[in-house]
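Notes follow the structure.
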Amino acid sequence: MTQTAVPSSTTTPSTTLSGLRSLHLIRVAFSLVWVALVATTSASLVSPDRPTVIAAVLLVVYPLWDAVATLVERRMTTAGTGSTDRVGTLNMALGLAATAGMIVAVFSTIGTTLLVFGVWALLSGAIQLTVAIRRRRTVGAQWPMLISGGLSVLAGANFAAMSTSATSSLSTIAGYSAFGAFWFLVSAITLSIRSRRENR
């Protein structure tokens, strides 16, 4: 649920806004499909259970997709500027680390995957908060990402705490992803409104 790159002052505002809006809509679609797959194949799995093959694939793909989306966003907002995006690089590294951690976790239990997911959600939410605060001056319309980042921090801490409960299930992560999709949709709408104002 993270955003990372911060556009420089030389980036064309309308191009940046349009690109971010499109990427956010793609992330909405991905999250909704992911949630549907979890709900139909793996929602009943609880902490002591071993992930099925389908659940394992879904759990590994989620942070990997976030890292890929972060890379696309980073290139989109820094292309041609000659600037570097350390926060974006950090978030991509975090996403790849979470992917590696999840590859190991899926050979254990659902509880272990919840712990890995929780730590990743907490840290990525903190990064999202940082980026949204920085981006307020260059792009604006960041309040949805501020809220989403804060909620991700809280959700991550909750997932980590829930990982030891025998009744915790993958449906909690599906809910997190669905909520993230909602905020990316709100962000896309907000960016669209701002883009229209910029073009007037």
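Residue Ile110 comes nearest to Pro51 through the heavy atom pair CD1-CG, 3.8 Å, listed as atom of the first residue, atom of the second, then distance. Considering all non-hydrogen atoms of both residues, Trp34 and Ala174 come closest at CZ3-CA, 4.0 Å. Residues Val116 and Ala105 come closest through the heavy atom pair CG2-CB, 3.9 Å. In plain terms, the two heavy atoms of Trp120 and Leu94 that are nearest each other are CD1-CG, 3.8 Å. Nearest heavy atoms, Ala166 versus Val46: O-CB, 3.6 Å. Across all non-hydrogen atoms, the minimal contact from Ser152 to Ala121 is OG-O, 2.8 Å.
Arg21 and Thr190 share no donor-acceptor pair across their side chains, judged by distance under 3.5 Å alone.
Expressed to the nearest 0.5 Å, how far CD of Glu73 lies from NE2 of His24 amounts to 5.0 Å. Rounding to the nearest 0.5 angstrom, the gap separating the CZ atom in Phe184 from the CG atom in Leu25 is 11.0 Å. How far CG of Leu115 is from OG1 of Thr109: 9.5 Å, rounded to the nearest 0.5 Å. Here the straight-line distance linking atom CH2 of Trp183 with atom CG of Leu146 works out to 10.0 Å at 0.5 Å rounding. Separation of atoms OG (Ser177) and CG (Leu37) is listed at 10.5 Å; rounding is to 0.5 Å. Note that CD1 of Ile127 and CG of Leu90 are 4.0 Å apart. Values are rounded to the nearest 0.5 Å.
No donor-acceptor pair under 3.5 Å is formed between the side chain of Trp65 and the backbone N or O of Phe30. Under the 3.5 Å distance criterion, the side-chain polar atoms of Ser31 are left unmatched by any main-chain donor or acceptor of Val28. Formation of a donor-acceptor pair under 3.5 Å by the Thr113 side chain with backbone atoms of Val106 is not found in this model. Counting only distance, with no hydrogens or angles, the side chain of Arg50 and the backbone of Phe107 share a donor-acceptor pair below 3.5 Å.
Listed by first and then second residue, the side chain to side chain donor-acceptor pair (under 3.5 Å) pairs involving residues 92-108 are Ser108-Thr112 (not counting sequence neighbours). Pairs of residues two or more places apart, or lying in two chains, that qualify as side chain to side chain donor-acceptor pair (under 3.5 Å) and include a residue from residues 153-170 are Ser165-Thr167, Ser169-Ser171.
By the neighbour-count criterion of 12 heavy atoms within 6.0 Å, atom CG of Leu154 is densely surrounded, having more than that number from other residues, nucleotides or ligands.
Leu64 belongs to a hydrophobic cluster with Leu96, counting contacts under 4.5 Å between side-chain heavy atoms of Ile, Leu, Val, Met, Phe, Trp and Tyr, direct or through other members.
Of the candidates Leu59, Val38, Leu58, Ile173 forms a side-chain contact (heavy atoms from CB on, under 4.5 Å) with just one, namely Leu59.
Linking ILVMFWY residues whenever their side-chain heavy atoms come closer than 4.5 Å, directly or via other members, leaves Val60 and Val104 in distinct clusters.
Using cut-offs of 30° and 60° for the angle between ring planes, the Tyr62 and Phe117 rings count as tilted.
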